[in-house]
Amino acid sequence: MFELFEKIPIALRFFGIGFLFTLIFLGHILFDLGDQLMDEKQNLQMRLNGLKYLEETNAEIALFQQIRGLTNLYLEGDTTVLGQIKASQREVRKSFAILSTLEHPHDAYNCNEKLDIIRHRFDFLEEKFERAHRFGASEEERKKVFEGYSEIIEKLLYFNSYIAVTYNIGESGDWHLFVLSEFLSERIPMSIEVLGKLRAIISGGIQHGHITPAERDQSQFYIRLLNHNRSVIQSKLVHIFEHDIRMKNSLEPFSDATIKANKKLLTDIESYLADPDSIKVDGKTFFSMATENMESGFYFLSAIHMNLEMKIREHAQIRLHALWFKIYFECAILLGGLFTFWLFYLSSMGHIRKIENAEKAKAVFLSHMSHEIRTPLNAILGFIGILKEKTKEGENLTYIDTIQQSSTLLLSIINDILDLSKIENGKLSITLVPFQPRPEFTPIISIYKAKANEKGIEFHSRIDGEVPKCITSDPIRLKQILSNLLSNAIKFTPENGVVSLNIGYEEESRILTLDVIDNGIGVPLSKQKKIFESFIQAEESTTRNYGGTGLGLAICSKLVSMLNGEIGLESEEAKGSKFSVRIPIPPCATCVLEYNPEIQFHPANAPSASPCESCFQGSVLLVEDNETNQMYMEILLEKMGLTYEIAKDGVEAVEHFKTNRYDIILMDENMPRMNGLEAAKVILQTERDENRPHTPIIAVTANALQGDREIFIEAGMDGYLTKPVDKGALIGVFEHYLKKENLI
């Protein structure tokens with residue numbers, strides 16, 4: 001995934017990352033709006049629940065006022081009101097039952113707890129009334145019952161105010177709701193309660209035919225309080241009606257009727273207080289008249305309640321619609337963003353596909369070029385080796401050596417290009433195995449010592465005694481690093497110069513050290529940081545004077561990094577250079593190295609030619625379409641004492657296999673009619689169908705890119721050699737598969 005990301009241009013990456021964060025931010029806003037929507041819905045339900053509390057508690061206030069007045073009449077001797085008292089008590093209990101079922105947001109409001117206190121007080125007063133009803137009651141006891149109900153009504157009035165605030169029924173930012181809430185919870189219920197107390201005083205006075213001076217003073221105070229409340233209510237209603245015509249049409253009839261009835265009742269009371277004989281009615285009749293007047297106030301209260309609920313719902317709908325609009329808007333932006341991001345994704349994937357197609361084309365090109373160059377090089381190097389064996393001395397031997405060196409250099413360049421391509425595409429693997437460093441490094445040292453001597457360079461090498469006998473790492477890559485560093489040092493060191501190699505081991509930190517020192521041309525300080533980059537050499541003149549592709553040090557640096565190591569350079573121009581490699585490598589107890597069919601990638605690692613080349617016996621099927629390579633392989637096989645048959649393509653190979661028996665098959669890959677992989681599959685299927693013993697199949701191909709070996713092995717082949725075929729590697733294959741079973 002990270003590799004794909006690296007293929008996206010930097011500008012496109014920043015756009016994608018920024019846009020992704022924008023989408024996340026929009027998503028966060030959307031979730032926040034969703035939470036606000038849920039909160040608003042909960043707030044609406046909470047306020048409606050509060051209204052329901054107010055509606056029921058206002059009904060209870062009216063019932064308690066009714067019970068208080070009727071109880072007072074009953075205890076004073078009017079037994080006809082007993083049925084009304086019982087009915088009102090039953091209604092109170094129903095109202096408490098309704099209140100107990102109402103839901104509220106959380107128990108912190110303690111609404112039910114407050115109502116339980118009021119209900120218990122009511123139960124206590126009922127018991128006192130029953131006792132007075134059965135056994136009679138003194139004036140003091142009647143007064144306590146009356147005051148008890150007055151206390152309950154005051155608690156309910158306080159509870160109304162508590163509900164209005166707690167449930168946020170009238171928000172301060174909404175003037176209409178705030179004023180209506182104040183009416184509902186304070187002014188109107190208080191006026192009705194004051195009117196109830198006034199009614200009780202006057203009813204008692206009429207009932208007994210007299211009123212005390214204290215009751216007269218208290219009545220006058222209640223009348224002044226009622227007039228004040230009425231003026232406040234009227235002034236506030238005027239403001240509400242001015243701003244809301246619909247509320248004016250809805251509430252004005254109730255307010256006019258209530259105020260008119262209230263004025264008439266207060267006029268009658270004031271007349272009675274001035275002259276008790278002015279009202280020619282009994283106490284019960286006056287009680288009924290006052291009760292009707294109070295009920296008109298409760299009707300007005302109910303009308304306000306309906307308008308308040310309507311207002312709350314309207315305002316909640318406005319807020320909910322605004323939130324939904326925001327949510328739709330954010331969703332539209334989010335969907336638009338997702339669509340844009342999808343376009344960005346398609347654009348990125350299209351760009352990545354172009355890069356991948358270019359890389360595939362590059363890989364195919366490298367594969368074809370490798371095949372096309374390695375195929376003739378196989379014959380060139382092979383026949384050069386044969387000519388060199390037959391030419392012992394003279395000018396011709398010099399020419400042959402020159403051709404061989406040039407061909408080997410060409411092969412080295414091809415290998416460097418392929419290695420770098422594999423590393424940059426992440427296709428070069430590291431294989432950690434236990435091995436003995438001295439036997440592995442010694443042939444490399446011998447080869448480059450000989451090259452140094454040919455150039456007249458003094459070569460010193462030392463492997464410290466602290467280097468373990470066995471270590472665990474990738475011997476092929478280590479030798480590749482060592483080869484590139486030594487080759488580089490010898491190339492840039494003049495005649496009569498000195499090249500030194502020191503191989504050491506730090507036991508405490510378990511680090512293998514490789515130091516290659518020369519007194520060559522050195523590297524300028526300004527170029528030292530770039531010397532490990534691909535196709536970079538210190539100066540342009542270096543390429544002209546010394547040759548090379550500038551890939552050796554780049555490959556070394558990348559291989560060292562893959563082995564979790566470090567490579568450093570100390571150099572001074574015209575005085576020489578020191579390349580230091582430090583790679584963490586643990587020691588191991590035992591070393592068991594198996595035959596590695598990939599050993600031909602580094603000819604210096606191949607086993608030396610067998611001392612008994614002609615001692616092999618067996619039959620070989622050589623599948624090769626190139627006639628020059630056929631000639632070269634024929635010579636090698638004859639020298640090794642092997643019989644052989646040649647197939648020019650996969651079809652001929654299958655036909656030969658079906659009619660003959662072979663000890664080993666050397667299979668080329670790129671052939672007409674049927675390639676090597678297809679032919680191998682047919683041969684393996686024939687073995688299974690005919691229950692024949694397995695014949696080893698070795699891929700001998702110019703396909704040398706990373707992954708090619710795995711393709712051949714997965715297809716069922718037993719080994720893999722690349723062209724140009726190294727003679728030592730080929731002998732190693734025959735020793736592995738033919739020596740024990742087929743030698744006489």
Side-chain angles (χ1 to χ4, degrees), residues 60-82 84-85 88 125 128-129 132 137-158 186-231 233 258-298:
E60 285 199 348
I61 289 172
L63 288 170
F64 277 118
Q65 286 176 330
Q66 186 84 357
I67 294 171
R68 180 179 62 181
L70 292 170
T71 301
N72 195 50
L73 289 173
Y74 177 80
L75 293 176
E76 289 180 353
D78 189 353
T79 58
T80 60
V81 297
L82 182 60
Q84 290 178 266
I85 294 174
S88 297
L125 291 175
K128 291 197 68 154
F129 174 76
S138 64
E139 181 69 25
E140 185 67 23
E141 289 176 329
R142 288 199 302 271
K143 187 177 180 181
K144 286 184 178 179
V145 171
F146 182 86
E147 290 176 350
Y149 281 113
S150 297
E151 180 186 351
I152 288 178
I153 293 170
E154 288 175 359
K155 285 184 179 295
L156 286 173
L157 287 171
Y158 172 77
E186 294 179 12
R187 289 291 177 178
I188 294 177
M190 182 176 66
S191 296
I192 294 173
E193 166 59 6
V194 171
L195 184 60
K197 289 182 178 180
L198 186 60
R199 177 193 62 180
I201 294 172
I202 302 304
S203 297
I206 294 173
Q207 188 77 18
H208 294 94
H210 70 276
I211 187 168
T212 66
E215 290 176 332
R216 187 186 304 273
D217 293 341
Q218 191 175 21
S219 297
Q220 291 292 348
F221 170 75
Y222 286 156
I223 290 171
R224 289 194 298 271
L225 182 59
L226 286 172
N227 285 325
H228 173 72
N229 282 349
R230 185 174 65 240
S231 64
I233 291 171
T258 302
I259 292 170
K260 184 177 180 181
N262 188 258
K263 282 183 177 180
K264 183 180 183 305
L265 182 63
L266 289 181
T267 300
D268 291 342
I269 292 174
E270 286 178 344
S271 299
Y272 172 77
L273 291 174
D275 182 9
D277 294 330
S278 62
I279 298 179
K280 304 301 182 181
V281 295
D282 58 19
K284 184 175 180 181
T285 303
F286 184 83
F287 178 85
S288 298
M289 291 170 55
T291 300
E292 290 176 4
N293 186 274
M294 291 171 58
E295 286 177 351
S296 68
F298 278 108

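- Note that CG of L63 and OH of Y149 are 11.0 Å apart. Values are rounded to the nearest 0.5 Å.
- Between the side chain of T71 and the backbone N or O of R68 there is no donor-acceptor pair closer than 3.5 Å.
- In this structure, Y222 has no ring-ring contact (aromatic ring centres under 6.0 Å, His included) partners at least two apart in sequence or on a different chain.
- In this structure, NE2 on H228 lies 10.0 Å from CD1 on I233, to the nearest 0.5 angstrom.
- When the side-chain contact (heavy atoms from CB on, under 4.5 Å) test is applied to S219, the partners found at least two apart in sequence or on another chain are L198, I201, I202, I211, L273.
- Under the salt bridge (Lys or Arg N to Asp or Glu O under 4.0 Å) criterion, E147 pairs with no residue, sequence neighbours left out.
- More than 12 heavy atoms of other shown residues, nucleotides or ligands fall within 6.0 angstrom of atom NZ in K128.
- With no hydrogens or angles considered, a side-chain donor-acceptor pair links R230 and N227 at under 3.5 Å.
- Here the CZ-CG distance, from R224 to L266, works out to 12.5 Å after rounding to the nearest 0.5 Å.
- Closest non-hydrogen pair, L125 versus G148, comes out as CD1-C, 3.4 Å.
- For E151, the salt bridge (Lys or Arg N to Asp or Glu O under 4.0 Å) partners are R121, not counting sequence neighbours.
- Contacts of S191 classified as side chain to side chain donor-acceptor pair (under 3.5 Å), with partners at least two apart in sequence or in another chain: N229.
- Atom OG of residue S150 and atom CZ of residue F64 lie 11.5 Å apart, to the nearest 0.5 angstrom.
- Take E154 and apply the side-chain contact (heavy atoms from CB on, under 4.5 Å) test, not counting sequence neighbours, and it matches K197.
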